[in-house]
Number of protein chains: 2
Amino acid sequence: MSRKPMARPGGRSARVQASVHAAVREIEAEAGRAALTVPAVAARAGVTPSTIYRRWGDLQELLSDVAVERLRPEEPPADRGSLDADLTSWARQFLDEMASGPGRAYVRDALLGDPDGSNAGRCSAYAADQIEAVVARAAERGETAPTVEAVLDHVVAPMMYRILFRPGPLPAAYADQLVRAVLAAPPTGR
Amino acid sequence: MSRKPMARPGGRSARVQASVHAAVREIEAEAGRAALTVPAVAARAGVTPSTIYRRWGDLQELLSDVAVERLRPEEPPADRGSLDADLTSWARQFLDEMASGPGRAYVRDALLGDPDGSNAGRCSAYAADQIEAVVARAAERGETAPTVEAVLDHVVAPMMYRILFRPGPLPAAYADQLVRAVLAAPPTGR
DNA sequence: CACCTTAAGGCACATTTTTTGCGTCTGGGG
DNA sequence: CCCCAGACGCAAAAAATGTGCCTTAAGGTG
């Protein structure tokens, strides 16, 4: 409840939030993660540290907030003509973004400083929305498609598991393989 | 590299490590997470804060260390007579432990304060070892079993994904369903 | 439009945590 | 038995976090 109840997009709260978020991104880009401290962000954003502590609680929650924004997809998944192509394309891009160095960091940040799991839930919802779009398009075409749940369980989950728990490279082919498997299985992922 | 290079099980380093770990567990049990600070742990463990900072770096890395120990299975998976029964039993127990309030906290801790992902990797290795044991036993019986990778991808990963990204209850039936699916699929999870 | 209410921010200060330099002790090896 | 290296304790400095109190500005009201 303390996160985004900004009064109005033009209000002061909104300006503060924007400049703080911008400061986080700038400092991280210029000086790296180690330089990210509440006082540093506050100075850069032109606010006092106490403002950040009061609004976000601590650095982790702030980073979590910023990370979730970065993980939000900016556009709906591309239409490649078929369910198979759409899903493969989307999964590849997802894996590519998430498995990159910065991507892994954002995922971890989003998961961190998130006592109630609401930020993590938002991330999952982003993916679910994207998949929903792909599945809906397939339905319009008359294709039989897996449920969103099945895709989350057997495409998204394995990728995230590896990203989080198994350091090491993840080739695009891995995404392809997961998509193939979920499309080959009986329509309902049960 | 800074984690467990204790010189010898009887050395001073080992004693310090043990008392610090114990202090973490005790404080958490008695006063809750909020009371866990480096100075508090140090006082309880009878060491100075600087010792903890030098050995672990910060509180998160220490908690990560402790969490990994707690997540280590203490015994091999029970032998229930068949692959299906073994895997179902193991998955249920895994889900039960991981999805509980404390379980989720340990998982998050383990993931946190783990810049290089080595602690997370250890968690994954624990699960892989358990699964390996189940699969090996099945092979001895002459049963055809899925690969360890397939079980990680399609049983463990979905459970962890929900635990981390989708707050909400996870019934044991969910584990059952995942196991059924992986056993029904063609032997190699490809 | 002027006024009121209230959430949010600034500022200064207190407290706590984190870092660092340096001397000492412990344990392993020659 | 002596030496070396790593780990720890201690104390002081530096940085961070948390709080009380006042000011500002957004949004609603008459």
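So that the names make sense, note that chain A is the first sequence line, chain B the second, and so on, each numbered from 1.
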- Modelled atom types, side-chain donor and acceptor of B:Asn119 and B:Ser64, under 3.5 Å: yes

- How many Å lie between CZ on B:Arg15 and C1' on C:dT26, as a whole number? 9 Å

- Message: With a 4.0 Å cut-off on N to O distance, would you call B:Arg141 and B:Asp86 a salt bridge?
- Response: yes

- Task: Name the closest nucleotide to the B:Tyr53 side chain, picking from D:dA26, C:dT18, C:dA8.
- Result: C:dT18

- Taking CG from B:Leu36 and P from C:dT16, how many angstroms apart are they, rounded to a whole number? 17 Å

- Would you state whether a donor and an acceptor, one from the side chain of A:Arg54 and one from the base of D:dG20, lie under 3.5 Å apart? yes

- Message: Once salt bridge (charged side-chain N to carboxylate O under 4.0 Å, His left out) is applied, do any residues pair with B:Glu132, and if so which ones, sequence neighbours excluded?
- Response: none

- Which residues share a salt bridge (charged side-chain N to carboxylate O under 4.0 Å, His left out) with B:Glu149, sequence neighbours left out: A:Arg162, A:Arg166

- Query: Of the nucleotides D:dA7, C:dG9, D:dA16, which has the atom closest to the A:Pro39 side chain?
  - Reply: D:dA16

- Query: Would you call B:Asp129 and B:Arg72 a salt bridge, using N to O less than 4.0 angstrom?
  - Reply: no

- Message: What is the separation between atom CG on B:Asp58 and atom P on C:dT20, rounded to the nearest whole Å?
- Response: 13 Å

- Query: Tell me: CZ of B:Arg55 to C1' of C:dT18, nearest whole Å?
  - Reply: 19 Å

- Ion pair present between A:Arg33 and A:Asp109, side-chain N to carboxylate O less than 4.0 angstrom? yes

- Task: Under 4.0 Å from any atom of DNA chain D, heavy atoms only: list the residues of residues 43-50 of chain B that qualify, in numerical order.
- Result: B:Gly46, B:Val47, B:Thr48, B:Ser50

- In whole angstrom, what separates B:Trp56's CH2 from C:dT18's C1'? 16 Å

- Using atom CZ of B:Arg12 as one end and atom P of D:dC8 as the other, report the distance to the nearest whole Å. 6 Å

